Amino acid sequence: MSARAVAELVGAKLVYGDGALALHDVAALGTAGPGDMSFARGCSHLQGLDTLQAGLCFCTPELVEPLKSLGVRTIAECAHPGAAFVKAASQLVTPIMAMRATQGGKTQANLAKNIVIAPGAVIDDSVVIGENTVIGPGAVIGPGCVIGCDCMIGAGAVIGFTLMGDHVDVRPGAVIGEAGLGTVDGSNGLVAMAHFGAVRLEDDVRIGANATIDRAVFGETHIGARTKLDNLVQIAHNVTIGSDCVLASFCGVAGSSTLGNDVLMGGRAGIADHVNIGHHVRIAAASAVMQDIPEGETWGGHPARPLRAFLREQVAIRKLAGKKGGNDDAER
Amino acid sequence: MSARAVAELVGAKLVYGDGALALHDVAALGTAGPGDMSFARGCSHLQGLDTLQAGLCFCTPELVEPLKSLGVRTIAECAHPGAAFVKAASQLVTPIMAMRATQGGKTQANLAKNIVIAPGAVIDDSVVIGENTVIGPGAVIGPGCVIGCDCMIGAGAVIGFTLMGDHVDVRPGAVIGEAGLGTVDGSNGLVAMAHFGAVRLEDDVRIGANATIDRAVFGETHIGARTKLDNLVQIAHNVTIGSDCVLASFCGVAGSSTLGNDVLMGGRAGIADHVNIGHHVRIAAASAVMQDIPEGETWGGHPARPLRAFLREQVAIRKLAGKKGGNDDAER
Amino acid sequence: MSARAVAELVGAKLVYGDGALALHDVAALGTAGPGDMSFARGCSHLQGLDTLQAGLCFCTPELVEPLKSLGVRTIAECAHPGAAFVKAASQLVTPIMAMRATQGGKTQANLAKNIVIAPGAVIDDSVVIGENTVIGPGAVIGPGCVIGCDCMIGAGAVIGFTLMGDHVDVRPGAVIGEAGLGTVDGSNGLVAMAHFGAVRLEDDVRIGANATIDRAVFGETHIGARTKLDNLVQIAHNVTIGSDCVLASFCGVAGSSTLGNDVLMGGRAGIADHVNIGHHVRIAAASAVMQDIPEGETWGGHPARPLRAFLREQVAIRKLAGKKGGNDDAER
């Protein structure tokens, strides 16, 4: 599809570049090549970028000049570049809406020997599965999956767009590889961001029951070898987690954050988006981490801070309240 | 069924009104009509009501006179009115326990054209589904559902008693329209409250993977147009959410609370029951909201308060603890 | 299998006792008998034990003498006793990896009369189910389950190794009886702990949608009569909960903790591992309970403390921050 055709399709105005430029795929603005379509969220999106190679970029009027000088090939101006991108991408990239699948082991998938497929499992014809892997009853393995050897996929787990090493243990009800939650403004309110990336689970990863791991917008959501997630954990799009980490129940990691190796998170600890956690960090249960944590530290609290400081503050608060004696107003 | 027969069925004493009165349905006490059966939880349940039209009301002895004067047609006295209501309702209203369904697209449901039903999906014969909708593998569409056009129901999602607009996106594993958790006292401990209401999802709503949305006890749990819920969000019975809201992962809204339009809730924010949140409110991640928030405000903390106050308090606590110097007791 | 054969299998050194001793099963160190294999985590694991009867115990070198004097029959020394135990147990105890099941009511399970099995349900041949029980569409009842009368198993629920009384109500998507998350150190990083126990749900228990309840490592995870769990609740391995408790959405109870009868937990309250909660305790929403709570008390906060103290502290903090006036640094 040409840049001009794409722009017209969504009602954007091609204001710069050769409209005949051919587009084949989509990518994040920073990594897009000359055949890729992308979009700019706003001025802050351009910070730290000194050269761009995107084929087409949707943007609002004030970003046209900056994008020109950064090297973007063609530029399409519109009021809602994110929504324009989502709409255009649905035409440019072939959507995969329905599975090419049959039920109960009659799949056309590429199966190695000694695989057990339980009753009710549904496996897309494009899937590749390694030796000795067991697919539980009612599990769904959708498009874009490569599953290694000796894996265990629990009953009712739903997996798509996921690259899985060996000895991976996915417990029942886990949902891996769905589009995450991102929104862009459209002319008529919120529009959900489309997702094009994948999930990668290294060898010996364990995913708990009813946990959810979203695919990346572009690129990969990544979980390192031997990392263990408990039940009901949520890993958002584009997160990177190192090896040998343990995340207890209800832990959540928001979009694009990173964890090093050997990070332990107590139950119900949460990490905000775009935060970096160093190796060997310990995070206390119920913590709300809003900022980076350096290697080897132990943090806790809401918002999280070094655990010693949190505990010291708790003592100080207790003394402060104690000094004031019985306060009847507060003791409802 | 007559009021007298209903009372006898559950061992309650009909102490007022015409026992021959015919009952056809159940309703909340405040909205019940002359053919409806209901119950009174206690004195506080009557506050703010100045007239009632319920056909039959179960209550404890001290509420008989107040209910008479408010206009209730017949009154049945007993020790556990909630449990009596639940038992009587199971006889008065036809229970829907088992699905009238066949598997894999052989359903008798009312399907528009161009619908995709993936292998393993189970659809009740009473269901209505609009054009171009896709039902994922293993999804279950139970009794009482009307699904619009261009909807996407993810693999393994379980939906019942739900009225859905167009372009609704339900991700895998979501459970929509189950009875919520309410309990009433019975003669032998806790009894689960029965549910008779529905869920309504307006156009372009998005429900994340493994999220749960309970049907109303009576009436509807309601989610407005274009509102997006992330994975593992919980919406309790009788909640009303406006349009264009975004609720990040692990957000929870407890029973009967309301949110205006364009409300944003960060990850793991919770709202207590019977709380009202105005339009355009922002709630920080990990907040615990225990009271109403006026339109346009930004709140955070546990318990939640205006975010500026929360941040100011954090600074004050830090200074307080710092002044005291190293406190070895706290630094375990 | 002999103690010597087991030790050789995992590369451990049999340093004490009769290598010909026959082993038949696995058990926790404190309860293991002469035919059971077990392991010692470390010195603290032996505290409070004055006599042991285990057939074989894996341990690190410094625990050999203490274990001898406590009465263990044979001892195998190695660097990673937990990982050795997990590996040996996978040989000693017959693993149940694949279900012996057929789909859609053609199961060989032991079914009482008047049972409804919806389309797509998968039931292992070893299962026993009582009268009038309804199994929802796509539900999976795996090995080791005994289900009582008048139970309702929701669509897509996944249940294994669970002993269930009568009138138990399991909502859709709940996962009951999976191995919990425990890790032991191995020579090449983290290894997941194997689980051998069960879950017991007494009469009239209610489990919410997408909730998760893990089986015990050894013994039973136990939930008492009439206890009601809301959606998305997590109960870890070896937890014991009394009767008539109510746990609202997102509540979590970590491993081996106990709750008495009539305990109420508000939404998103969490209890750390190995904590004991007395009868009639009330825990406020969003609390993080890190220590025991005596019978009848009401606690709240993060970390949780008596609710009156928490509320008094909130007032004190507010006054403290107020006295300092507007602090611009904090008001970003």
Side-chain angles (χ1 to χ4, degrees), chain A residues 103-104 116 118-120 134 136-138 152 154-157 169 171-174 204 206 208-211 225-232 243-250 261-262 266-268 284-287 300-302 311 314 317-318 320-327 329-332, chain C residues 97-99 101-104 120-122 138-140 142 156-158 160 173-175 178-183 186 188-192 210-214 232-234 236 250 252 254 268 270-273 286-288 290 302-303 305 307-317 319-320:
Chain A
Q103 198 179 1
V116 176
V134 175
M152 181 74 177
D169 180 8
R171 294 281 155 179
D204 298 291
R206 191 261 197 197
N210 287 344
R226 295 174 302 282
T227 285
K228 315 291 185 197
L229 309 189
D230 204 350
N231 300 338
L232 295 165
S243 59
D244 293 291
C245 296
V246 178
L247 278 65
S249 291
F250 296 122
N261 301 329
D262 179 35
R268 214 194 334 148
S287 303
H302 168 206
L311 295 173
Q314 292 300 314
I317 292 169
R318 229 156 281 183
L320 176 74
K323 264 190 294 191
K324 308 211 162 186
N327 184 323
D329 289 348
E331 302 195 353
R332 282 159 294 181
Chain C
M97 293 297 285
M99 290 177 62
T102 49
Q103 198 179 2
V122 177
V140 176
V158 178
V175 177
E178 289 294 307
L181 176 56
T183 58
N188 185 29
L190 290 178
V191 172
N210 287 346
T212 55
I213 304 176
D214 292 335
L232 295 165
V233 163
Q234 149 75 2
F250 296 121
R268 211 186 346 140
I271 296 179
D273 58 302
S287 303
M290 307 299 190
H302 169 205
R305 39 203 181 277
L307 189 61
R308 288 182 152 211
F310 174 64
L311 295 173
R312 204 185 308 132
E313 288 167 24
Q314 292 300 314
V315 172
I317 292 169
K319 284 185 185 165
L320 176 75

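Since the structure is predicted, the reported quantities are computational estimates derived from the model, not experimental observations. A note on names: the letters A, B, ... follow the listed sequences, proteins ahead of strands, and every chain is numbered from 1.
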Starting from the C-alpha separation in whole Å, work towards a yes-or-no answer on side-chain contact (heavy atoms from CB on, under 4.5 Å) for C:R268 and A:R268. CA-CA 9 Å; C:R268 211 186 346 140; A:R268 214 194 334 148; 3.9 Å; yes
Is [X] close to chain A through its backbone or its side chain, or both, or neither, when contacts mean heavy atoms under 4.5 Å?
X: C:N188; answer: both
X: C:A254; answer: neither
X: C:R305; answer: side chain
X: C:F250; answer: both
X: C:A211; answer: backbone

Treating A:R206 as the side-chain partner and A:L229 as the backbone partner, does any N or O pair qualify as donor plus acceptor under 3.5 Å? yes
If we define contacts as heavy-atom pairs under 4.5 Å, which of [options] has the most with chain A?
options: C:I317, C:D214, C:L181, C:T183; answer: C:L181
options: C:G186, C:G138, C:P303; answer: C:P303
options: C:G252, C:A272, C:G180; answer: C:G180

Counting heavy-atom pairs under 4.5 Å with chain C, which one of A:A155, A:G208, A:A286, A:P172 comes out on top? A:P172
Name the member of A:D204, A:T227, A:D244 that forms the most heavy-atom pairs with chain C at distances under 4.5 Å. A:D244
Heavy-atom side-chain proximity of [X] to [Y] below 4.5 angstrom:
X: A:C245; Y: A:K228; value: no
X: A:V246; Y: C:L190; value: yes
X: A:H302; Y: A:S287; value: no

I'd like to check the salt bridge (charged side-chain N to carboxylate O under 4.0 Å, His left out) partners of A:D169; sequence neighbours left out, ordered by chain and number. A:R171
Counterpart residues, side-chain contact (heavy atoms from CB on, under 4.5 Å), relative to C:T212 (two or more places apart): A:A209, A:N210, A:N231, A:L232, C:V175, C:Q234
